[in-house]
Q: 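Sending over a structure as structure tokens; questions will come in a sec.
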Amino acid sequence: MAVELKMPALSPTMEEGTLAKWLVKEGDHVGPGDILAEIETDKATMEFEAIDEGTVGKILVEEGTENVAVGTVIAMLSGDDDDDDDDAETAAPAPSPTVSDKDDEAGEGKGAGREPSEAEITKPVKAKAQRDPEVPRGTNMATVSVREALRDAMAEEMRRDERVFVMGEEVAEYQGAYKVTQGLLAEFGPKRVIDTPITEYGFAGIGTGAAMGGLRPIVEFMTFNFAMQAIDHIINSAAKTNYMSGGQMRCPVVFRGPNGAASRVGAQHSQNYGPWYASVPGLIVIAPYDSSDAKGLMKAAIRCEDPVVFLENELVYGRSFELPELDDHVLPIGKARIVREGSDVTIVSYSIGVGMALEAAEKLAEEGIDAEVLDLRTLRPLDKQAVLDSLAKTNRVIVAEEGWPTCSIASEIISICMEDGFDHLDAPVLRVCNVDVPLPYAANLEKIALLNSGAIVEAAKKVCYQD
Amino acid sequence: MAKPAPKAASKPAPKTAAKPAPKAASKPAAKPARGKSVESDEDFALRSLQMAHEDNKRFDASDEQLLHFYEQMLLIRRFEERAGQLYGLGLIGGFCHLYIGQEAVAVGLQSALTEGLDSVITGYRDHGHMLAYGIDPNVIMAELTGRQAGISKGKGGSMHMFSTEHRFYGGHGIVGAQVPLGGGLALAHKYREDGGLCLAYFGDGAANQGQVYETFNMAALWNLPIVFVIENNGYAMGTAVKRSSAETEFYRRGTAFRIPGMDVNGMDVLEVRAAAEIAFAHVREGKGPVLMELNTYRYRGHSMSDPGKYRTREEVQDQREHNDPIERIKKELAERGKTEDEIKAIDKAIRARVAEAADFAENSPEPDPAELYTDVLVESY
């Protein structure tokens, strides 16, 4: 039985081409992989190879013919005699001979086995709103620094799960560049507290691969500024693989370290990457402020099946807060928290900005404005409902963010308020951010560039029309 | 880690003195199976494994094994040809990188792995590695056509395929990214003390990525059970090795990290298998990583839209005619008494298998639109 040789599409966009040259003649015996002809597309001259074995029969399109439509039969190939019975197989899945029918051909079988449906694409059911667990009455409240809270969270999870380990620069013998991993080496040994060379791209990849291989790595970046070298693995390898594998490849890794401006370290060491990571589907992004959230969310991050970017803040490490002394203090990911109730204006913030927002709220109270402070805690998935609920209550929102204003979390909050809370707004949503410049070194310039409570107060008064 | 003798002791005279001619000139871009002898390579220090390989170059395969290698290589060849055809028909979209010509590499290496224990990771030219692992051709082809039944539910495509069941960890589209990821898989083997190793493939192009060397360093430093495999097919996309690489002898590139190298003819499945035995044994003994350069040749373009202007048709034809890994074994099977009819029957069965896969891939449904939102995250928040 003869097989039809058809004009192939040699690029996804090709609809026709020139049959430049035949490299075989009628009667030639050809095998799979033999080059039959040269075909010119709009981009290049390509070789057309045989897939099947057989003898070239009639050549139907002469060489030099232009504008040959994809799918046109250009020659016949007779199969080997003894292969006659399986020629159904050697015949190519028949495309329609004309370009206009090409859509049909490519779609053949695509919808098979499924009822035609007009249903809209169903978004996944949202998980039931989880709340922070109640702290039992009488629980002792300890005063703990954020640094210790993070360390304790890691240590507790390492005791709980053998698969959990920490890797990064200076995490072991040096005890952590910012002392967050202090004491872990002594308790867990060098197998589980691993000093890496200064090689962020490499060790972020190794951490990601270890998570794919079934471990629970905590990858510390000395600061997130250096994670720029590793961002390919955070985004392309860690965040996307579960999706690209149809749900087969888990990547339960935690990338953590200080983020945002520290003090007088200049532009390259002072940047907030929250908005960068929060824009990526497949990542969880957490940026807590106080000790309780740092501990509870770090424990949740380590247990999480998804890759987590955990953004800490160097200037907050040393601050102490009350923390409930519980055996297992785990908080829900993706939930914001009202850290100060108020009724006149909502200040949305996260990380170090929360402290400034609280300061601002105190000053505003003195001026008779009752501000609510909402700590987002998780930047992705963002707790949209908490923002909208607070907006519905106060009708005024400002966003305080230690980071650049353009394409920021603040921008995102403004979108949410516009799209879903427009009817509740009594004033435009304002963003209070760092100045839109690389962070300067000089003390006075740095101070002007960074978010501060004074700016938050001003913005709050503005949306309350009290300036 | 047990370090060999101090560096200086094994350092011979400067390179230029030992070399009669500059390397780039003496080594054509696409010449696999260089047959270089160890003696002529005495300025390569970490060559103990290569010496062992030179001593016994070809794997002594049983008739059954040889037949199995042949079948697997042929399956890859026919599968890829069919994939190319389906691409031409518009059924496969995007990027599609075929493995034709390189079959002996994946088959030879993976046949030496311990199934269910060792892990494998590679780049985007991944169909062959999956087939060599015995993964169902139907679900691979269905992934290429973007169907629900595809191994990644149609959401990954040619470059992003995985089978955790087979410990095949992808299928990665960013050149070189699979190398540190493989380092992580190896770290997991070591951490769990399960005795497994990771086989991490990458190309001569990826071999110039910085993260590869970051991984070499940590893998050697931490004595990770990993075999780095550079599939040197002569071209990084359209750039010949000698035009992109200062050191074209890729097996030496672990030297700075004290990783022993092996220079292997990747066009002979038996040489590949023999080399694999040596490399894997070394790694399993806890002696740390090995770097293997597999010299091979890609017959087809880099991807489907490769105009092929950077090399001559004669060069490709020369490889096909004189160095084809499948023809080599076919000839050997004949020498061992397989009749032409028997061989033909195998070919026919494989063609039928591939046709079935193509048919399956074309006739299974596209993903349900609701799949758009699944698998972004594992948990719900």
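Note on naming: letters A, B, ... go to the chains in the order of the sequence lines (proteins, then strands), and numbering restarts at 1 for each one.
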Q: Can you find a heavy atom in the side chain of B:Ser158 that is under 4.5 Å from one in the side chain of B:Glu143?
A: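 They are not in side-chain contact.
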Q: Quick check on the interface: out of B:Lys190, B:Arg167, B:Arg300, who has the most heavy-atom pairs with chain A under 4.5 Å?
A: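 Between B:Lys190, B:Arg167, B:Arg300, the count favours B:Arg300.
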Q: Is there side-chain contact between A:Ile284 and A:Ile286, with at least one heavy-atom pair below 4.5 Å?
A: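 Yes. Closest side-chain heavy atoms under 4.5 Å.
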Q: Need one label for A:Phe203: side chain, backbone, both or neither, based on atoms under 4.5 Å from any heavy atom in chain B.
A: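 Both parts, backbone and side chain.
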Q: So for B:Met218, is it side chain, backbone, both, or neither that comes closer than 4.5 Å to the heavy atoms of chain A?
A: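 Just the side chain, heavy atoms under 4.5 Å.
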Q: Would A:Lys21 and A:Glu40 pass as an ion pair if we require N to O under 4.0 Å?
A: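 A:Glu40 and A:Lys21: not salt-bridged.
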Q: Looking at A:Ile35, A:Asp383, A:Asp306, which makes the most heavy-atom pairs under 4.5 Å with chain B?
A: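 The residue among A:Ile35, A:Asp383, A:Asp306 with the greatest pair count is A:Asp306.
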Q: Among A:Ala239, A:Pro8, A:Gly207, A:Cys304, which has the most heavy-atom pairs under 4.5 Å with chain B?
A: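 Looking at each of A:Ala239, A:Pro8, A:Gly207, A:Cys304 in turn, A:Cys304 comes out on top.
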Q: Cut-off 3.5 Å, side chains only: do B:Asp126 and B:Tyr99 have a donor facing an acceptor?
A: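 Distance-only check fails for B:Asp126 and B:Tyr99.
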Q: Taking side chain as everything from C-beta outward and backbone as N, CA, C, O, which of these in A:Asn236 sits under 4.5 Å from a heavy atom of chain B? Side chain, backbone, both or neither.
A: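 The answer is the side chain of A:Asn236.
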Q: Can you confirm whether B:Thr374 sits close enough to B:Lys155 that some side-chain heavy atom of one is under 4.5 Å from a side-chain heavy atom of the other?
A: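 Touching, per the 4.5 Å side-chain cut-off.
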Q: Please list, in residue-number order, every residue in residues 177-184 of chain B that has a heavy atom less than 4.5 Å from any heavy atom of chain A; write 'none' if there are none.
A: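 Listed by number, the contacting residues are B:Ala177, B:Pro180, B:Leu181, B:Gly183, B:Gly184.
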Q: Is B:Leu377 in contact with chain A via its backbone, its side chain, both, or neither, using a 4.5 Å heavy-atom distance?
A: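 Both backbone and side chain.
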Q: A:Ile198 versus chain B, heavy atoms under 4.5 Å apart: side chain, backbone, both or neither?
A: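 Neither part.
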Q: Please classify the contact of B:Arg77 with chain A as side chain, backbone, both or neither, using a heavy-atom distance under 4.5 Å.
A: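 Interface part for B:Arg77: neither.
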Q: Is it true that B:Phe162 and B:Phe168 have ring centroids separated by less than 6.0 Å?
A: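 No - the distance between ring centres of B:Phe162 and B:Phe168 does not fall below the 6.0 Å cut-off.
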Q: Select one option (side chain, backbone, both, neither) describing which atoms of A:Leu283 are under 4.5 Å from chain B's heavy atoms.
A: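 A:Leu283 touches chain B through backbone heavy atoms alone.
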Q: Salt bridge check, B:Glu103 against B:Arg78: does any charged N sit closer than 4.0 Å to a carboxylate O?
A: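 Judged by the 4.0 Å cut-off on N to carboxylate O distance, B:Arg78 and B:Glu103 do not form a salt bridge.
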Q: I'd like to know which of A:Gly202, A:Ser245, A:Gly214 tops the heavy-atom pair count under 4.5 Å against chain B.
A: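 Greatest number of close heavy-atom pairs with chain B: A:Ser245.
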Q: Going by heavy atoms in the side chains, are A:Cys251 and A:Thr208 under 4.5 Å from each other?
A: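 Result yes, sub-4.5 Å side-chain heavy-atom pair found.
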Q: Looking at A:Glu162, A:Met249, A:Met7, A:Arg163, which makes the most heavy-atom pairs under 4.5 Å with chain B?
A: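 Max contact count across the listed options: A:Met249.
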Q: Would you mind checking which part of A:Arg380 comes under 4.5 Å of any heavy atom in chain B, side chain (CB onward), backbone (N, CA, C, O), both or neither?
A: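 Neither; nothing under 4.5 Å.
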Q: Can you tell me if B:Asn138 and B:Arg147 form a side-chain donor-acceptor pair at under 3.5 Å?
A: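 No.
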Q: Going by heavy atoms in the side chains, are B:Glu362 and B:Met141 under 4.5 Å from each other?
A: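 With C-beta onward as the side chain, the pair stays apart.
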Q: Is the shortest heavy-atom distance from the side chain of B:His172 to the side chain of B:Met159 under 4.5 Å?
A: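 Counting from C-beta outward, B:His172 and B:Met159 never come under 4.5 Å.
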Q: Where on A:Glu200 is there a heavy atom nearer than 4.5 Å to chain B: the side chain, the backbone, both, or neither?
A: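 Only the backbone of A:Glu200 comes within 4.5 Å of chain B.
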Q: Would the A:Tyr201 and A:His233 ring centres measure less than 6.0 Å apart?
A: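 Judged by ring-centre distance (under 6.0 Å), A:Tyr201 and A:His233 do meet the cut-off.
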Q: Grab the two heavy atoms, one from B:Leu144 and one from B:Ala83, that are nearest each other, plus how far apart they are.
A: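 Closest approach of B:Leu144 to B:Ala83: CD1-CB, 3.9 Å.
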Q: Sort B:Ser119 into side chain, backbone, both or neither according to what part of it lies under 4.5 angstrom from a heavy atom of chain A.
A: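 Neither part.
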Q: Quick check on B:Arg320 against chain A: is it the side chain, the backbone, both or neither that has a heavy atom closer than 4.5 Å?
A: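 The answer is the side chain of B:Arg320.
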Q: Looking only at heavy atoms, which two atoms of B:Arg82 and B:Ala358 are closest? And how far apart?
A: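 Heavy atoms of B:Arg82 and B:Ala358 come nearest at CG-CB, 3.8 Å.
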Q: Under 4.5 Å from any heavy atom of chain B, what part of A:Thr378 do you find: side chain, backbone, both or neither?
A: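 Neither the backbone nor the side chain of A:Thr378 comes within 4.5 Å of chain B.
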Q: Side chain, backbone, both or neither: which part of B:Ile151 has an atom under 4.5 Å from a heavy atom of chain A?
A: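 B:Ile151 touches chain A through backbone and side-chain heavy atoms alike.
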Q: Does the structure place the NZ or CZ of A:Lys191 under 6.0 Å from the centre of the six-membered ring of B:Tyr191, at an angle of no more than 45° from the ring's axis?
A: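 Judged by the rule, A:Lys191 and B:Tyr191 form a cation-pi pair.
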Q: Which atoms of B:Asn217 are under 4.5 Å from chain A, going by heavy atoms: the side chain, the backbone, both sets, or neither?
A: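 Just the side chain, heavy atoms under 4.5 Å.
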Q: Under 4.5 Å heavy-atom distance to chain B, tell me which part of A:Pro281 shows up: side chain, backbone, both or neither.
A: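 For A:Pro281, the contact with chain B is made by backbone and side chain together.
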Q: Mind listing the closest non-hydrogen atom pair of B:Leu187 and A:Ala210 along with its distance?
A: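 So the minimum-distance heavy-atom pair works out to CD2-CB, 4.1 Å.
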